[in-house]
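Letters A, B, ... mirror the listed sequences (proteins, then strands); counts begin at 1. Please read these numbers as outputs of a predicted model, since none were measured by experiment. Any value given below was found using the heavy atoms of this structure, including those in side chains, with hydrogens, waters and symmetry copies removed.
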Amino acid sequence: MSLKALDYETLNENVKNCQYAVRGELYLRASELQKEGKKIIFTNVGNPHALGQKPLTFPRQVVALCQAPFLLDNPNVGMIFPADAIARAKHYLSLTSGGLGAYSDSRGLPGVRKEVAEFIQRRDGYPSDPELIFLTDGASKGVMQILNCIIRDQKDGILVPVPQYPLYSATISLLGGTLVPYYLEETDNWGLDVNNLRQSVAQARSQGITVRAMVIINPGNPTGQCLSEANLREILKFCCDERLVLLGDEVYQQNIYQDERPFISSKKVLMDMGEPLSKEVQLISFHTVSKGYWGECGQRGGYFEMTNIPPRTVEEIYKVASIALSPNVSAQIFMGLMVSPPKPGDISYDQFVRESKGILESLRRRARIMTDGFNSCKNVVCNFTEGAMYSFPQIKLPPKAIQAAKQAGKVPDVFYCLKLLEATGISTVPGSGFGQKEGVFHLRTTILPAEEEMPEIMESFKKFNDEFMSQYGDNFGYSRM
Amino acid sequence: MRRFVIGQAKNLIDQTRRRPRPHHNNIRLLSLLASDPIPVSSSRFFSDMTGSDSSSSLPVTLDSINPNVLKCEYAVRGEIVNIAQKLQDDLKINKDAYPFDEIIYCNIGNPQSLSQQPITFFREVLALCSHTALLDRDETHALFSTDSIARAWKILDQIPGKATGAYSHSQGIKGLRDAIAAGIEARDGFPADPNDIFMTDGASPGVHMMMQLLISSEKDGILCPIPQYPLYSASIALHGGSLVPYYLDEASGWGLEISELKKQLEDAKSKGITVRALAVINPGNPTGQVLSEENQRDIVDFCKKEGLVLLADEVYQENVYVPDKKFHSFKKVARSMGYGEKDISLVSFQSISKGYYGECGKRGGYMEVTGFTSDVREQIYKVASVNLCSNISGQILASLVMSPPKPGDESYESYISEKEGILSSMARRAKTLEEALNKLEGITCNRAEGAMYLFPCINLPKKAIAAAEAAKTAPDTFYCKRLLNATGIVVVPGSGFRQVPGTWHFRCTILPQEDKIPAIVNRLTEFHKSFMDEFRD
């Protein structure tokens with residue numbers, strides 16, 4: 001008996017079209033191999049705790065107490081929890097209307113949103129309104145909600161960097177919109193040239209697309225570059241001129257590995273530029289507890305802040321948020337803790353700083369180890385990871401390899417990455433999952449494997465790459481770049 | 001997997017000569033170099049933003065946002081609640097201005113916000129999983145029950161690296177899905193496959209996912225009960241589909257008639273709508289009825305015959321208050337009819353928000369997806385993977401809900417006492433409120449067989465309806481606003497759930513603590529009397 005209820009043919013086309021390589025073919029193959037007993041190093045997703053990074057102690061103490069508030073009534077609680085964690089747990093519980101198990105306001109607990117606003121104000125030097133901050137189950141949910149408001153039909157275009165984190169391409173697909181790519185320049189450290197932007201927009205418009213918004217990922221994913229202040233100013237002016245809403249994905253703002261270009265928020269630059277831009281440019285900024293030195297991916301905590309979005313539009317966004325009732329309350333508390341961490345003088349301060357610094361300094365070292373490791377390989381060129389959590393080396397595939405890939409029915413970088421996986425257990429994401437120029441191939445790996453394992457991993461990669469290049473290479477003709 | 005990967009390869013964002021395709025089939029990409037214009041389809045009512053809104057040149061305004069967003073409504077947190085929140089803020093400074101001294105939120109099934117306590121065992125396990133260092137300390141044994149420590153270890157062993165802060169498998173941690181599948185099997189007597197389980201941040205995201213898969217255009221219809229929990233109408237609107245209503249029969253305890261389903265299906269077909277699925281909420285929300293097994297068998301047969309996906313919202317499965325009714329999952333009913341994977345497409349939704357656990361704020365739940373081909377399931381997986389995974393703490397709770405302490409476990413006695421305490425109290429409150437409502441002039445209220453709500457029918461006098469019209473408000477909203485302003489009690493007007501035209505209802509939860517119920521009953525009774533005195537024909 002055939003089921004006509006829901007078969008592949010009648011599925012929503014938008015669903016079929018959407019792709020998300022981060023958990024696509026390579027990851028599924030790696031999972032299969034893992035089940036067969038092969039040791040897999042998962043470097044496909046920015047998931048620090050899965051690769052041995054320890055959670056920060058203080059927030060876990062606070063949330064444990066919030067999970068089981070009866071502990072706070074126990075006279076012995078001070079024996080295993082420091083006093084500041086106990087105080088903080090009481091503080092956050094008092095912000096809820098019934099503890100972690102009650103739906104909060106659909107925008108998130110007002111008390112936590114206030115803490116987020118205060119954080120933004122301290123960071124940028126400009127006031128921030130808690131009413132314009134919505135907490136979400138991860139930044140991804142926030143991105144989806146905002147794009148859902150913007151995209152009306154396939155004539156609405158969203159400017160997205162190439163390479164990009166495929167949440168954007170997948171969501172635009174799901175919502176039936178159009179992705180308008182703007183290319184980052186690999187030879188210029190993945191720099192953003194405003195002329196590229198103008199060309200992309202003009203081209204889109206000539207084809208009847210209404211370009212509505214521009215996405216920037218700063219620091220970049222998968223590319224890691226940190227935008228300069230000058231670049232940000234250009235982008236904001238561009239958005240003003242072209243009347244685009246700027247979507248600032250700033251989830252990696254704590255992950256900076258060089259000192260030339262510290263993180264500056266899009267909001268700060270916008271406010272610095274003064275009127276009329278500061279009153280006209282529409283900006284939505286995204287942040288998360290999943291990245292930084294917190295790495296609390298599994299909590300699903302994030303927020304977005306809206307700037308210059310009219311009140312009635314904010315109401316509509318609130319309305320849609322209310323259908324999902326509320327973001328999860330534990331993650332809201334993680335967010336509160338992230339934006340208002342222990343202060344000098346707090347009992348837990350020293351430990352907190354030690355743990356945080358340890359993680360960040362190690363990430364900085366690993367960014368360097370990986371970049372150098374890739375650059376020491378034949379036919380591999382890798383820009384330095386200025387920020388975020390990834391390395392995105394370019395693999396110059398010889399023509400024979402490209403041929404072999406074609407014969408195997410695979411995109412060349414997928415072919416390479418599968419071979420890498422089978423040979424070494426290193427599970428990466430092929431560059432085609434993020435977008436790249438035609439004929440140029442990359443892979444994305446994270447810089448997250450433990451520092452002591454890095455040299456071995458890079459050795460393993462080098463060995464594989466040497467063998468691959470011997471098998472498929474000759475000394476002439478590489479993939480174009 | 002190959003199909004979507006090759007599809008992915010075809011959809012690469014790339015610079016050269018990719019012609020934009022003129023129809024909807026692929027990601028619409030733009031090449032920098034192509035010069036053919038995309039054939040412009042019939043222009044929509046929102047033109048290019050520059051001309052659309054003379055009062056603002058901002059790109060994102062009410063005039064230019066997705067019209068589906070504008071269309072969708074969700075009354076549970078709508079207008080009345082906004083008024084209530086303002087009143088609550090004002091109460092803090094103007095205590096004497098009001099004939100009540102607190103707002104009582106009876107609009108939303110949010111038990112722990114009204115002082116219901118979480119189940120101790122569950123929270124012990126969660127606390128230990130939140131801060132695993134506790135498990136290494138001797139003092140922990142003095143603070144936590146032995147079996148909660150054992151369960152925490154068991155769960156952590158199922159999580160790679162014991163890392164509760166890591167993204168999990170996009171369907172949820174395998175070991176936890178195993179526990180849930182075992183729980184489903186113990187409940188139903190039929191096996192469940194952990195690979196059929198998709199864990200979500202509450203049941204609601206699962207419903208959205210299914211609507212996304214099922215709905216391609218307004219020609220796709222979903223049969224929904226009227227009255228319904230407005231997640232369904234909102235989700236259908238957001239995804240651009242059509243809600244095909246089927247009316248529950250108030251006179252027969254909100255019964256579901258197959259003849260009504262057939263009628264509505266035919267009606268929809270005649271309007272050119274392809275009905276894709278049937279949503280059933282059992283126990284019902286807002287109506288609280290528990291379906292009889294016979295009714296359920298008829299529904300299963302109907303879906304099978306008509307080729308509809310059965311969307312079974314079973315989040316209130318542990319909330320049944322009457323001895324003559326029992327919850328049976330649709331999965332159990334279908335399997336007991338001999339129907340398997342090839343016979344019926346069924347998606348069953350469960351949540352940690354309701355039952356006796358009431359863990360709304362944790363956002364946990366799952367859908368069990370059976371009777372779909374593997375290529376459809378791959379697509380469900382793919383959509384789930386874009387959001388990476390649901391929150392781990394919620395996943396842990398879902399597994400605890402489906403495999404709670406058993407007789408013999410150290411925590412069993414206290415667990416059972418907490419559970420039965422909560423459920424018996426809910427049954428008492430349901431009865432008390434139902435009886436009180438039925439005493440009111442012009443109000444009839446079906447009993448709450450299950451769920452967490454009462455949905456009384458108010459026979460509004462003509463004068464009241466006229467007053468409502470003059471105030472440009474729906475009559476039931478008019479009543480509910482008056483109720484709020486007189487008593488501080490927040491309920492949701494029936495129009496938020498839809499109802500037979502010309503009838504008026506409101507939904508009130510049974511959740512305020514038992515000691516508050518008499519005061520609520522008194523205030524409600526007084527208000528209603530004075531309302532009827534004012535508007536009686």
Side-chain angles (χ1 to χ4, degrees), chain A residues 3-6 8 11-12 15 17 19-20 23 25 47 49-50 55 60-61 63-64 67-68 79-80 97-98 100-103 137 140 149 152 154 162 170 173 178 180-181 203-204 207-208 210 212 243 245 282 296-298 300 310 312-313 316 322-324 328-330 411 432 435 437-438, chain B residues 1 5 8-9 12-16 24 26-28 30 32 37-38 40 48 58-62 65-66 69 74 77 110 112-113 118 123-124 126-127 130-131 137 139 143 163-167 170 201 204 213 216 234 307-309 345 359-361 363 375-376 379 385-387 391-393:
Chain A
L3 284 167
K4 39 177 181 125
L6 177 63
Y8 190 80
L11 258 180
N12 182 354
V15 169
N17 287 335
Q19 304 298 343
Y20 185 70
R23 283 215 162 158
E25 180 181 8
N47 198 10
H49 293 199
R60 290 307 189 96
Q61 289 170 325
V63 174
Q67 297 277 21
M79 286 171 57
I80 57 175
S97 59
L100 300 187
Y103 293 127
D137 283 314
S140 296
C149 282
R152 300 166 296 191
Q154 79 269 25
V162 178
S173 250
T178 296
V180 179
Q203 185 66 27
Q207 292 172 342
T210 309
R212 305 287 310 282
R243 264 160 312 159
V245 54
Q282 292 190 306
E296 292 281 8
C297 302
R300 312 317 278 112
R312 293 194 56 205
T313 306
E316 292 295 319
S322 72
I323 300 169
N328 89 75
V329 179
S330 317
V411 173
S432 42
K437 289 187 175 168
E438 166 108 358
Chain B
M1 278 297 117
V5 170
Q8 173 192 355
L12 281 182
I13 301 162
D14 91 40
Q15 188 179 24
T16 62
H24 298 213
N26 290 296
I27 296 177
R28 280 158 289 282
L30 288 182
L32 293 180
I38 291 177
V40 174
D48 180 290
L58 297 172
V60 180
T61 66
L62 221 49
I65 69 173
N66 180 357
V69 167
Y74 185 71
R77 280 200 159 168
N110 194 11
Q112 293 190 28
S113 75
R123 290 306 191 88
E124 284 182 295
L126 279 181
S130 283
H131 183 43
R137 303 191 61 149
E139 300 95 324
L143 291 169
T164 53
Y167 293 126
S170 295
D201 289 304
S204 300
L213 264 83
S216 298
L308 303 177
V309 176
S345 300
E359 297 279 17
C360 302
R363 310 319 277 115
D375 49 7
V376 171
Q379 297 299 311
S385 76
V386 178
N387 197 47
N391 86 79
I392 306 302
S393 179

Within this structure, what is the CD1-CG distance for the pair Ile80(A) and Leu143(B), rounded to the nearest 0.5 Å?
4.5 Å
Closest heavy-atom pair and its distance - Ser385(B), Tyr20(A)
O-CE2, 3.2 Å
Could you check whether any side-chain heavy atom of Gln112(B) comes within less than 4.5 Å of a side-chain heavy atom of Tyr103(A), counting everything from C-beta outward?
no
Of all of Cys149(A), Ala324(A), Ser140(A), Gly98(A), which one pairs up most often with chain B through heavy atoms under 4.5 Å apart?
Cys149(A)
If you count heavy-atom pairs under 4.5 Å between each of Ser170(B), Ala234(B), Ser204(B) and chain A, which one has the most?
Ser170(B)
Would you confirm whether Asn328(A), through its side chain, and Arg363(B), through its main-chain N or O, come within 3.5 Å as a donor-acceptor pair?
no
Atom of Tyr8(A), atom of Val376(B) and distance for their closest heavy-atom approach:
N-CG2, 3.5 Å
Non-neighbouring partners of Ser393(B) that pass side chain to side chain donor-acceptor pair (under 3.5 Å), sequence neighbours left out
Gln67(A), Lys362(B)
Heavy-atom contact with chain A under 4.5 Å, split by part of Asn387(B):
both
Thr164(B) pairs by side chain to side chain donor-acceptor pair (under 3.5 Å) with which of His49(A), Glu296(A), Arg60(A)?
Arg60(A)
Taking all non-hydrogen atoms of both residues, which atom of Tyr74(B) and which atom of Ile323(A) are closest, and how far apart?
CB-CG1, 3.7 Å
Could you grab the distance from atom CD of Glu316(A) to atom CD1 of Ile65(B), nearest 0.5 Å is fine?
5.0 Å
Between Ser330(A), Ala102(A), Ser322(A), which has the largest tally of heavy atom pairs under 4.5 Å with chain B?
Ala102(A)
Verdict with reasoning, Ser130(B) to Val63(A), per side-chain contact (heavy atoms from CB on, under 4.5 Å):
CA-CA 7 Å; Ser130(B) 283; Val63(A) 174; 4.0 Å; yes
At a heavy-atom separation under 4.5 Å, does Ala170(A) approach chain B through its side chain, its backbone, both, or neither?
side chain
With sequence neighbours excluded, tell me which residues meet side chain to side chain donor-acceptor pair (under 3.5 Å) with Arg137(B).
Glu139(B)
Answer whether the closest heavy-atom distance between the side chains of Gln379(B) and Asn12(A) falls below 4.5 Å.
no
Which heavy atom of Asn66(B) sits nearest to which heavy atom of Arg152(A), and what is that distance?
CA-CG, 3.7 Å
Can you name the nearest heavy-atom pair linking Cys297(A) to Ala166(B), along with the distance?
CB-C, 4.3 Å
